[in-house]
S.K.: 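Can you keep this structure in mind? I'll have questions shortly.
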There are 2 protein chains.
Amino acid sequence: MREFSRSLPMSLLRAREAVMRQFRPSLRHHGLTEQQWRILRALTSVEAVEVTDLARLAFLLGPSLSRILRDLEARGLIERRSAEADLRRGVVSISPKGLKLIEAVAPTSEAIYAAITKRYGVRKLAELQAMLGALEESLAGLSGAEEE
Amino acid sequence: MREFSRSLPMSLLRAREAVMRQFRPSLRHHGLTEQQWRILRALTSVEAVEVTDLARLAFLLGPSLSRILRDLEARGLIERRSAEADLRRGVVSISPKGLKLIEAVAPTSEAIYAAITKRYGVRKLAELQAMLGALEESLAGLSGAEEE
DNA sequence: CCGATACGCTTAACATGTTAATCATCCCCG
DNA sequence: CGGGGATGATTAACATGTTAAGCGTATCGG
């Protein structure tokens, strides 16, 4: 069987962990987890979004998102309302307080990202991301991998 | 600020999820989670290992490993004992039952891996893994990213 | 208008990720 | 040998991942 530690899932896991290890201390210092940051970050790129769309943007599953939104709302970092045309849908937007927090964290995050980019190489980083995107697309059709 | 969805952490996360989505149904069918599989898989490559080394092999944190080992032992899939020279150290090995399970799952996993490899390309896959490894190494020194 | 069905979101339940604290054993030095 | 610090592993506490179930609202057909 394939050398376990060299499998693709492990390679991806280790690489991602190596990257996130750089960011976590700063986020933690601001009282944010990685996922909370993803959500706030995604909210800065839109005026408001429906919960389902936000889940797609932040790449979170519904249940995780529900819990985190409850917490972020309690902390006053986001605002919620219902869509007028469809009361099932929730609409979320970032609050002024949330924006302020983002602005406080962003400089450090940008600096870390810049350091990573410099170490790895701008060109190489772009190439890596292109290859990761291609991998995603390659597998898009295989999704129905069921049973033996 | 950088387009959020194109950040390196998100690219890595999505790529890994695209890959794991292929494997999870099969593992689940055999009553294994991804992490349990990683542990059993790692145990097949050695006669026995100490817990700390196993954590490194399977890329799990100590607490996660402790919980999973407790479960795997209760299910009879692994065996544990203490190192004779140092009672603090635990030594883990896969049981015959565990080996049997691995052998039942392996064919499907190998087939899925082969399908992924074929879709993406053998050469391209190797290149991707090399780039991921290089990324890890690039960041190895930065680990002390503390505060702003 | 009503009821069956679908849809959006949340809650539930269990497993893992993450950091801090705890516990037992070891090791070194006085 | 004996006590204090170091080390290996587990437990604790909280947040998220993952799948299934539940709840309220929409929608459509009769």
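Every chain is numbered from 1 and lettered A, B, ... according to where its sequence line falls, protein lines coming before strand lines.
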S.K.: Picking from D:dG17, C:dA15, D:dT11, which would you name as closest to the side chain of B:Ser66?
M.R.: D:dT11
S.K.: Starting from the C-alpha separation in whole Å, work towards a yes-or-no answer on side chain to side chain contact (heavy atoms under 4.5 Å, CB included) for B:Glu17 and B:Arg24.
M.R.: CA-CA 10 Å; B:Glu17 176 55 28; B:Arg24 261 191 285 269; 2.6 Å; yes
S.K.: Does B:Gln35 make a side-chain N or O approach to OP1 or OP2 of C:dG17 shorter than 4.0 Å?
M.R.: yes
S.K.: Taking only side-chain nitrogens and oxygens of B:Arg24, does any of them come within less than 4.0 Å of OP1 or OP2 of D:dT18?
M.R.: yes
S.K.: Between B:Gly62 and A:Leu87, just flag the one whose closest nucleotide in DNA chain D comes earlier from the 5' side.
M.R.: B:Gly62
S.K.: Under the side-chain contact (heavy atoms from CB on, under 4.5 Å) rule, collect the residues that match up with A:Val51, sequence neighbours excluded.
M.R.: A:Leu65, A:Leu69, A:Val92
S.K.: Using heavy atoms to find the nearest nucleotide of DNA chain C for A:Asp86 and A:Glu17 separately, return the residue whose nucleotide is more 5′.
M.R.: A:Asp86
S.K.: Rounding to an integer number of Å, can you tell me how far B:Arg70 CZ sits from C:dA15 P?
M.R.: 10 Å
S.K.: Would you classify A:Ile68 as touching base, sugar-phosphate or nothing, given that sugar-phosphate means primed atoms plus P, OP1 and OP2, and contacts are heavy atoms under 4.0 Å?
M.R.: sugar-phosphate
S.K.: Consider the side chain of A:Pro63, meaning its heavy atoms from C-beta on, and name the nucleotide among D:dG8, C:dA13, D:dA20 that approaches it most closely.
M.R.: D:dA20
S.K.: Both A:Glu50 and B:Asp71 contact DNA chain C. Which one's nearest nucleotide lies toward the 5' end?
M.R.: A:Glu50
S.K.: Can you tell me the distance, in whole Å, between the CZ atom of B:Arg67 and the P atom of D:dC14?
M.R.: 14 Å
S.K.: Passes side chain to side chain contact (heavy atoms under 4.5 Å, CB included), A:Lys118 versus A:Leu125? Steps please.
M.R.: CA-CA 9 Å; A:Lys118 185 176 179 183; A:Leu125 183 56; over 6 Å; no
S.K.: To the nearest angstrom, how far is B:Leu69 atom CG from D:dT11 atom C1'?
M.R.: 14 Å
S.K.: Mind calculating the distance between CG (A:Leu27) and P (C:dT18) to the nearest angstrom?
M.R.: 13 Å
S.K.: OP1 or OP2 of D:dG24 versus the side-chain N and O atoms of A:Arg89: is any pair under 4.0 Å?
M.R.: no
S.K.: Just to confirm, is there a sub-4.0 Å distance from OP1 or OP2 of D:dT19 to any side-chain nitrogen or oxygen of B:Arg21?
M.R.: no
S.K.: Is a salt bridge present between A:Arg75 and A:Asp71, judged by a nitrogen-to-oxygen distance below 4.0 Å?
M.R.: yes
S.K.: Between D:dA15 and A:Thr33, is there an OP1 or OP2 to side-chain N/O distance shorter than 4.0 Å?
M.R.: no
S.K.: Taking CZ from B:Phe59 and P from C:dG17, how many angstroms apart are they, rounded to a whole number?
M.R.: 10 Å
S.K.: Short question: side chain of B:Ser95, backbone of B:Gly76 - any donor-acceptor pair under 3.5 Å?
M.R.: yes
S.K.: Could you state the atom-to-atom distance from CD of B:Glu84 to P of C:dC26 in whole Å?
M.R.: 12 Å
S.K.: Between the side chain of B:Ser11 and the main-chain N/O of B:Ser7, is any donor-acceptor distance below 3.5 Å?
M.R.: yes
S.K.: Which part of the nucleic acid does A:Leu65 contact within heavy-atom distance under 4.0 Å: base, sugar-phosphate only, or nothing?
M.R.: nothing
S.K.: Between B:Leu32 (CG) and D:dT18 (P), how many Å, whole number?
M.R.: 16 Å
S.K.: What's the closest nucleotide to the side chain of A:Leu61 if the choices are C:dG17, C:dT10, D:dT18?
M.R.: D:dT18
S.K.: Nearest-Å distance, CG (A:Leu60) to C1' (D:dT16)?
M.R.: 9 Å
S.K.: Looking at residues at least two apart in the chain, or sitting in another chain, which of them share a side-chain contact (heavy atoms from CB on, under 4.5 Å) with A:Ser45?
M.R.: none
S.K.: Any sub-3.5 Å donor-acceptor pair from B:Arg89's side-chain atoms to B:Ala83's backbone N or O?
M.R.: no
S.K.: Report each atom pair, protein N/O against N/O of nucleotides 22-24 of chain C, whose distance is under 3.5 angstrom.
M.R.:
none

